[in-house]
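These figures come from a predicted structure and were not determined experimentally.
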Amino acid sequence: MLVTLVLLLCGCSVAGNYSQFSGMAQFSSSQNQLARDLYEQKKLFQKLFNDARKSNIHKGQPKEEILYLYKQPLLVRRSFLDGGEVFIYHHPDIYFNGPQVKLIFNKDNKLDNWLVTGN
């Protein structure tokens, strides 16, 4: 009887540790996913930053094409002057005082202008 009780208690202890190990494995997996997502965001921002500096983007480019190439911006602001939008992209690691690209769209959702700041 005593042996059964000891085995039962040990089994509960192992089961409790398993859930802790399982939680740690899930946390590690989510950290790896975050690292992969951050890497992709950096790659996309660097591509946009370089394309904007080298004028590889052009006026009249549709907003849908920009979204396909560079994904969603960090911020979208509505322009009160003409009803268009401004897409603001930041480097994912350097939010304040870091490189930034602003894409300015007209009311017809076509790229009207852009501004690149930072290194």
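No chain of hydrophobic side-chain contacts below 4.5 Å, direct or via other Ile, Leu, Val, Met, Phe, Trp or Tyr residues, connects Leu48 to Ile88. Both Leu69 and Val76 sit in one connected hydrophobic cluster of ILVMFWY residues. Membership requires side-chain heavy atoms under 4.5 Å apart, directly or through other members. Both Leu103 and Leu67 belong to a single network of hydrophobic side chains, linked directly or stepwise wherever heavy atoms of I, L, V, M, F, W or Y lie under 4.5 Å apart. Linking Ile, Leu, Val, Met, Phe, Trp and Tyr residues whenever their side-chain heavy atoms come within less than 4.5 Å leaves Leu115 and Ile94 in two separate clusters. Under a hydrophobic clustering in which Ile, Leu, Val, Met, Phe, Trp and Tyr are joined whenever their side-chain heavy atoms come within less than 4.5 Å, directly or via other members, Leu44 and Val101 fall into different clusters.
We find the CG-NE2 distance between Asn97 and His91 to be 14.0 Å, quoted to the nearest 0.5 Å. Here Lys63 contributes atom NZ and Asp108 contributes atom CG; the two are 11.0 Å apart, rounded to the nearest 0.5 Å. In this structure, CD1 in Ile66 is found 5.0 Å from CZ in Phe105, a value given to the nearest 0.5 Å. Atoms CD1 and CG, from Ile57 and Asn50 in turn, are 11.5 Å apart once rounded to the nearest 0.5 Å. Here Leu75 contributes atom CG and Glu85 contributes atom CD; the two are 12.0 Å apart, rounded to the nearest 0.5 Å. Once rounded to the nearest 0.5 Å, the distance linking CD of Gln100 with OG1 of Thr117 reads 4.5 Å.
The list of side-chain hydrogen bond (donor to acceptor under 3.5 Å, both in side chains) pairs with a residue in residues 65-77, not counting sequence neighbours, reads Asp51-Tyr70, Gln61-Glu65.
Here the side chain of Trp114 pairs a donor or acceptor atom with the backbone of Ala52 at under 3.5 angstrom. In this structure, Asp82 contributes its side chain and Gly84 its backbone to a donor-acceptor pair below 3.5 Å.
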Step by step, work out the side chain to side chain contact (heavy atoms under 4.5 Å, CB included) result for Leu74 and Phe87.
-> CA-CA 8 Å; Leu74 182 64; Phe87 283 8; over 6 Å; no

Show your working on side chain to side chain contact (heavy atoms under 4.5 Å, CB included) between Gln46 and Phe49 and close with a plain yes or no.
-> CA-CA 5 Å; Gln46 197 60 49; Phe49 186 79; 3.9 Å; yes

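Asp93 CG: more than 12 foreign heavy atoms inside a 6.0 Å radius.
The side chain to side chain donor-acceptor pair (under 3.5 Å) test applied to Gln41 returns no partner, not counting sequence neighbours.
Across Gly83 and Arg78, no two heavy atoms sit closer than the pair O-NH1, 3.2 Å. In terms of heavy atoms, Lys110 sits closest to Gly60 at CD-O, 3.3 Å.
Using a 4.5 Å heavy-atom cutoff, the side chains of Pro92 and Leu38 are in contact.
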